[in-house]
Amino acid sequence: MTIRPRRSALYMPGSNARAIEKAKSLAADVVIFDLEDAVAPEQKAEARAQVCTAVKAGGFGRRELVVRINALDTPWAADDIAAVVEAGPNALLVPKVSRANDLSGVTQSLSGAPEDLAVWAMIETPMGIVNVAEIAAVATEPGARLVCFVIGTNDLVKDTRATLDRDRTSALYWLSATVTAARAFGIDVLDGVYNDFKDLDGFARECAQGRMLGMDGKTLIHPTQIDGANAAFSPPEAE
(Lines give C-alpha, C1' and ligand atoms only; values in the text may rest on other atoms or scores of the structure.)
Protein backbone atom coordinates (compact mmCIF):
# COMPACT_ATOMS: atom_id res chain seq x y z
CA MET A 1 0.00 0.00 0.00
CA THR A 2 1.28 3.45 -0.93
CA ILE A 3 1.28 5.99 1.91
CA ARG A 4 0.96 9.54 0.64
CA PRO A 5 2.02 12.52 2.73
CA ARG A 6 -0.81 15.02 3.17
CA ARG A 7 1.00 17.54 5.36
CA SER A 8 0.01 20.57 3.31
CA ALA A 9 -3.18 20.86 1.24
CA LEU A 10 -3.44 24.19 -0.55
CA TYR A 11 -6.78 25.49 -1.81
CA MET A 12 -6.57 27.03 -5.27
CA PRO A 13 -9.55 28.92 -6.77
CA GLY A 14 -10.68 27.10 -9.88
CA SER A 15 -11.43 30.37 -11.65
CA ASN A 16 -7.85 31.65 -11.35
CA ALA A 17 -5.73 30.30 -14.22
CA ARG A 18 -2.58 31.95 -12.90
CA ALA A 19 -2.96 30.27 -9.49
CA ILE A 20 -3.54 26.89 -11.11
CA GLU A 21 -0.34 27.22 -13.11
CA LYS A 22 1.59 28.39 -10.05
CA ALA A 23 0.55 25.23 -8.19
CA LYS A 24 2.93 23.24 -10.40
CA SER A 25 5.93 24.86 -8.70
CA LEU A 26 4.79 24.86 -5.06
CA ALA A 27 5.94 22.42 -2.38
CA ALA A 28 2.43 21.48 -1.24
CA ASP A 29 1.70 17.77 -0.91
CA VAL A 30 -1.88 18.32 -2.06
CA VAL A 31 -3.50 20.88 -4.35
CA ILE A 32 -7.26 21.33 -3.88
CA PHE A 33 -8.81 22.99 -6.90
CA ASP A 34 -11.89 24.74 -5.54
CA LEU A 35 -15.10 24.96 -7.56
CA GLU A 36 -17.20 25.88 -4.53
CA ASP A 37 -16.57 28.77 -2.13
CA ALA A 38 -13.88 30.49 -4.21
CA VAL A 39 -15.95 30.67 -7.40
CA ALA A 40 -18.86 33.03 -8.08
CA PRO A 41 -22.05 31.45 -9.49
CA GLU A 42 -21.58 33.01 -12.92
CA GLN A 43 -18.07 31.53 -13.14
CA LYS A 44 -18.89 27.96 -12.11
CA ALA A 45 -18.96 26.41 -15.58
CA GLU A 46 -15.82 28.23 -16.73
CA ALA A 47 -13.93 27.27 -13.57
CA ARG A 48 -14.97 23.64 -13.93
CA ALA A 49 -13.70 23.49 -17.50
CA GLN A 50 -10.46 25.27 -16.59
CA VAL A 51 -9.68 22.96 -13.69
CA CYS A 52 -10.46 19.79 -15.61
CA THR A 53 -8.31 20.92 -18.53
CA ALA A 54 -5.41 21.57 -16.15
CA VAL A 55 -5.81 18.18 -14.46
CA LYS A 56 -5.81 16.37 -17.80
CA ALA A 57 -2.76 18.29 -19.01
CA GLY A 58 -0.75 17.28 -15.94
CA GLY A 59 2.60 18.75 -15.01
CA PHE A 60 1.93 18.77 -11.26
CA GLY A 61 4.57 16.18 -10.43
CA ARG A 62 4.11 14.19 -7.22
CA ARG A 63 1.38 16.50 -5.92
CA GLU A 64 -1.94 14.88 -5.09
CA LEU A 65 -4.68 16.60 -7.08
CA VAL A 66 -8.12 17.03 -5.51
CA VAL A 67 -11.15 18.87 -6.89
CA ARG A 68 -13.68 20.30 -4.45
CA ILE A 69 -17.06 20.17 -6.14
CA ASN A 70 -20.11 22.24 -5.28
CA ALA A 71 -22.47 21.02 -2.57
CA LEU A 72 -24.68 18.10 -3.55
CA ASP A 73 -27.89 20.13 -3.27
CA THR A 74 -26.73 22.79 -5.76
CA PRO A 75 -27.44 22.85 -9.51
CA TRP A 76 -23.74 22.44 -10.30
CA ALA A 77 -22.91 19.25 -8.40
CA ALA A 78 -23.94 16.64 -10.98
CA ASP A 79 -21.99 18.36 -13.77
CA ASP A 80 -19.02 18.77 -11.42
CA ILE A 81 -18.95 15.05 -10.63
CA ALA A 82 -19.22 14.04 -14.29
CA ALA A 83 -16.45 16.42 -15.33
CA VAL A 84 -14.14 15.38 -12.50
CA VAL A 85 -14.57 11.69 -13.30
CA GLU A 86 -13.60 12.41 -16.90
CA ALA A 87 -10.61 14.56 -15.93
CA GLY A 88 -9.12 11.97 -13.58
CA PRO A 89 -7.66 13.73 -10.52
CA ASN A 90 -6.63 11.73 -7.46
CA ALA A 91 -9.73 12.62 -5.49
CA LEU A 92 -13.05 14.42 -5.42
CA LEU A 93 -13.78 16.51 -2.31
CA VAL A 94 -17.44 16.70 -1.28
CA PRO A 95 -18.38 19.78 0.76
CA LYS A 96 -20.94 20.02 3.57
CA VAL A 97 -21.28 16.30 4.20
CA SER A 98 -23.84 16.01 6.99
CA ARG A 99 -25.09 12.42 6.78
CA ALA A 100 -23.76 9.07 5.66
CA ASN A 101 -26.32 9.00 2.83
CA ASP A 102 -24.64 12.02 1.27
CA LEU A 103 -21.53 9.96 0.57
CA SER A 104 -23.38 6.76 -0.24
CA GLY A 105 -25.05 8.64 -3.10
CA VAL A 106 -21.71 9.91 -4.35
CA THR A 107 -20.30 6.37 -4.25
CA GLN A 108 -23.18 5.18 -6.44
CA SER A 109 -22.64 8.00 -8.92
CA LEU A 110 -18.98 6.97 -9.23
CA SER A 111 -19.72 3.32 -10.00
CA GLY A 112 -18.17 3.55 -13.47
CA ALA A 113 -15.28 5.85 -12.51
CA PRO A 114 -11.64 4.70 -12.40
CA GLU A 115 -10.95 2.63 -9.29
CA ASP A 116 -8.19 4.96 -8.12
CA LEU A 117 -10.49 8.02 -7.90
CA ALA A 118 -10.87 8.58 -4.16
CA VAL A 119 -13.52 10.51 -2.24
CA TRP A 120 -12.72 13.10 0.43
CA ALA A 121 -15.38 14.65 2.64
CA MET A 122 -15.67 18.06 4.27
CA ILE A 123 -16.85 17.88 7.88
CA GLU A 124 -18.07 21.44 8.30
CA THR A 125 -21.66 21.44 9.53
CA PRO A 126 -23.13 20.87 13.01
CA MET A 127 -25.03 17.86 11.65
CA GLY A 128 -21.81 16.55 10.16
CA ILE A 129 -20.22 16.59 13.62
CA VAL A 130 -23.28 14.90 15.15
CA ASN A 131 -23.06 12.13 12.50
CA VAL A 132 -19.30 12.00 12.00
CA ALA A 133 -18.89 8.36 13.07
CA GLU A 134 -21.65 7.21 10.71
CA ILE A 135 -20.10 9.23 7.90
CA ALA A 136 -16.69 7.64 8.55
CA ALA A 137 -18.28 4.19 8.51
CA VAL A 138 -19.09 4.70 4.83
CA ALA A 139 -15.44 3.76 4.23
CA THR A 140 -16.38 0.14 5.04
CA GLU A 141 -19.21 -0.07 2.48
CA PRO A 142 -18.73 -2.10 -0.74
CA GLY A 143 -17.12 0.04 -3.41
CA ALA A 144 -16.43 2.85 -0.97
CA ARG A 145 -13.76 5.34 -1.95
CA LEU A 146 -13.68 7.47 1.22
CA VAL A 147 -10.09 8.02 2.35
CA CYS A 148 -9.88 11.48 3.93
CA PHE A 149 -11.83 13.99 6.03
CA VAL A 150 -11.22 17.74 5.75
CA ILE A 151 -12.43 19.85 8.66
CA GLY A 152 -14.14 23.12 7.76
CA THR A 153 -13.68 25.17 10.90
CA ASN A 154 -14.85 28.45 9.36
CA ASP A 155 -18.29 27.09 8.52
CA LEU A 156 -18.57 25.35 11.87
CA VAL A 157 -17.77 28.60 13.69
CA LYS A 158 -20.39 30.44 11.64
CA ASP A 159 -23.13 27.84 12.04
CA THR A 160 -22.63 27.27 15.77
CA ARG A 161 -22.08 30.99 16.57
CA ALA A 162 -18.90 30.00 18.39
CA THR A 163 -15.88 32.23 18.91
CA LEU A 164 -12.37 30.87 18.57
CA ASP A 165 -9.59 31.92 20.92
CA ARG A 166 -5.93 31.29 20.13
CA ASP A 167 -6.23 27.73 21.52
CA ARG A 168 -9.43 27.01 19.57
CA THR A 169 -11.07 26.00 22.84
CA SER A 170 -14.60 26.02 21.44
CA ALA A 171 -13.53 23.84 18.49
CA LEU A 172 -11.73 21.09 20.40
CA TYR A 173 -14.79 18.86 20.49
CA TRP A 174 -15.28 19.12 16.72
CA LEU A 175 -11.61 18.46 16.03
CA SER A 176 -11.23 15.50 18.37
CA ALA A 177 -14.54 13.92 17.38
CA THR A 178 -13.54 14.03 13.73
CA VAL A 179 -10.08 12.60 14.36
CA THR A 180 -11.49 9.81 16.53
CA ALA A 181 -14.09 8.82 13.93
CA ALA A 182 -11.53 8.95 11.15
CA ARG A 183 -9.08 6.73 13.00
CA ALA A 184 -11.81 4.22 13.87
CA PHE A 185 -12.36 3.59 10.16
CA GLY A 186 -8.85 4.10 8.77
CA ILE A 187 -9.38 7.56 7.28
CA ASP A 188 -6.90 10.44 7.12
CA VAL A 189 -7.99 13.82 8.48
CA LEU A 190 -6.78 17.33 7.63
CA ASP A 191 -7.16 20.31 9.94
CA GLY A 192 -9.06 23.46 8.95
CA VAL A 193 -7.48 26.60 7.57
CA TYR A 194 -5.76 29.40 9.47
CA ASN A 195 -7.24 32.62 8.12
CA ASP A 196 -4.47 35.15 8.85
CA PHE A 197 -1.87 34.00 6.35
CA LYS A 198 0.49 36.81 7.39
CA ASP A 199 0.65 35.53 10.99
CA LEU A 200 3.15 32.72 10.55
CA ASP A 201 3.78 32.37 14.29
CA GLY A 202 0.09 31.88 14.95
CA PHE A 203 -0.07 29.45 12.06
CA ALA A 204 2.84 27.43 13.46
CA ARG A 205 1.13 27.30 16.85
CA GLU A 206 -2.08 26.00 15.30
CA CYS A 207 -0.17 23.40 13.25
CA ALA A 208 1.48 22.14 16.43
CA GLN A 209 -1.93 21.88 18.08
CA GLY A 210 -3.33 20.00 15.09
CA ARG A 211 -0.43 17.55 15.18
CA MET A 212 -1.00 17.06 18.91
CA LEU A 213 -4.69 16.30 18.25
CA GLY A 214 -3.76 13.65 15.68
CA MET A 215 -4.22 15.44 12.36
CA ASP A 216 -2.32 14.23 9.29
CA GLY A 217 -1.91 17.70 7.82
CA LYS A 218 -3.48 21.11 7.38
CA THR A 219 -5.50 22.84 4.71
CA LEU A 220 -4.01 26.14 3.57
CA ILE A 221 -5.19 29.35 1.95
CA HIS A 222 -1.83 30.82 0.91
CA PRO A 223 1.51 29.49 -0.39
CA THR A 224 3.39 31.17 2.50
CA GLN A 225 1.85 28.55 4.80
CA ILE A 226 3.25 25.53 2.95
CA ASP A 227 6.70 25.32 4.56
CA GLY A 228 5.28 25.63 8.07
CA ALA A 229 2.75 22.88 7.50
CA ASN A 230 5.33 20.57 5.93
CA ALA A 231 7.66 21.08 8.90
CA ALA A 232 4.94 20.61 11.51
CA PHE A 233 3.49 17.43 10.06
CA SER A 234 6.69 15.70 8.93
CA PRO A 235 7.30 12.65 11.14
CA PRO A 236 10.54 12.50 13.11
CA GLU A 237 13.27 10.38 11.53
CA ALA A 238 12.77 7.56 14.04
CA GLU A 239 9.04 7.44 13.42
Next item on the list: Start with the C-alpha gap between E86 and K56, add the side-chain angles, then the distance that decides, and say whether side chain to side chain contact (heavy atoms under 4.5 Å, CB included) holds.
Entry: CA-CA 9 Å; E86 205 267 329; K56 289 179 191 176; 2.5 Å; yes
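- Residues V84 and P89 share a closest heavy-atom pair of O-CD, 3.1 Å.
- Across every non-hydrogen atom of R168 and Q209, the tightest pair is NE-OE1, 2.7 Å.
- Within a 6.0 Å sphere centred on CZ of R62, heavy atoms belonging to other residues, nucleotides or ligands number more than 12.
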Check: Could you walk me through whether L110 and V119 pass the side chain to side chain contact (heavy atoms under 4.5 Å, CB included) check?
Finding: CA-CA 10 Å; L110 296 178; V119 170; 3.6 Å; yes
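- When all heavy atoms are compared, the tightest approach of V39 to G14 is CG2-N, 4.1 Å.
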Next item on the list: Kindly indicate, with the supporting measurements, whether the criterion side chain to side chain contact (heavy atoms under 4.5 Å, CB included) is fulfilled by K96 and M122.
Entry: CA-CA 6 Å; K96 297 177 174 61; M122 295 285 305; over 6 Å; no
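- Rounded to the nearest 0.5 Å, atoms OH (Y11) and CG (D37) are 8.5 Å apart.
- Under the 4.0 Å criterion applied to side-chain N and carboxylate O atoms, D29 and R7 are assigned as salt-bridge partners.
- Each of V157, V179, I123 was evaluated against W174; a single residue qualifies, V157, per the side chain to side chain contact (heavy atoms under 4.5 Å, CB included) test.
- Side chain of R145 to main chain of L117: a donor-acceptor pair is present (N/O by atom type, distance under 3.5 Å, no hydrogens or angles).
- Nearest heavy atoms, T163 versus S170: O-OG, 2.9 Å.
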Note to self: I'd like to know whether W120 forms a side chain to side chain contact (heavy atoms under 4.5 Å, CB included) with V147, so could you lay out the CA-CA distance, the side-chain angles of the two residues, the decisive distance to 0.1 Å, and finally the verdict.
What the structure shows: CA-CA 6 Å; W120 291 21; V147 301; 3.4 Å; yes
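- Within the 3.5 Å criterion, the main-chain N or O of E36 finds a donor-acceptor partner in the side chain of K44.
- Of the N and O atoms on the side chains of T107 and E141, not one donor lies less than 3.5 Å from an acceptor on the other residue.
- Between the side chain of N131 and the backbone N or O of S98, at least one donor-acceptor pair lies under 3.5 Å.
- Between the side chain of N70 and the main chain of T74, no donor-acceptor pair closer than 3.5 Å is present.
- At a threshold of 4.5 Å between side-chain heavy atoms, the hydrophobic network of Ile, Leu, Val, Met, Phe, Trp and Tyr places I221 and I226 in two separate groups.
- Linking ILVMFWY side-chain heavy atoms closer than 4.5 Å, directly or via other members, places L92 and I32 in two distinct hydrophobic clusters.
- Annotation: K22, atom NZ; neighbour count of heavy atoms from other residues, nucleotides and ligands within 6.0 Å does not exceed 12.
- Heavy atoms only, all atoms of each residue included: A83 and R48 are closest at CB-CD, 3.6 Å.
- The aromatic rings of F33 and F60 stand perpendicular to each other, their planes meeting at an angle above 60°, with 30° marking the opposite boundary.
- In E42, the CD atom is crowded: over 12 heavy atoms of neighbouring residues, nucleotides or ligands sit closer than 6.0 Å.
- Between M215 and R183, the closest heavy-atom pair is C-NH2, 4.3 Å.
- Each of T140, L103, V106 was evaluated against L146; a single residue qualifies, L103, per the side chain to side chain contact (heavy atoms under 4.5 Å, CB included) test.
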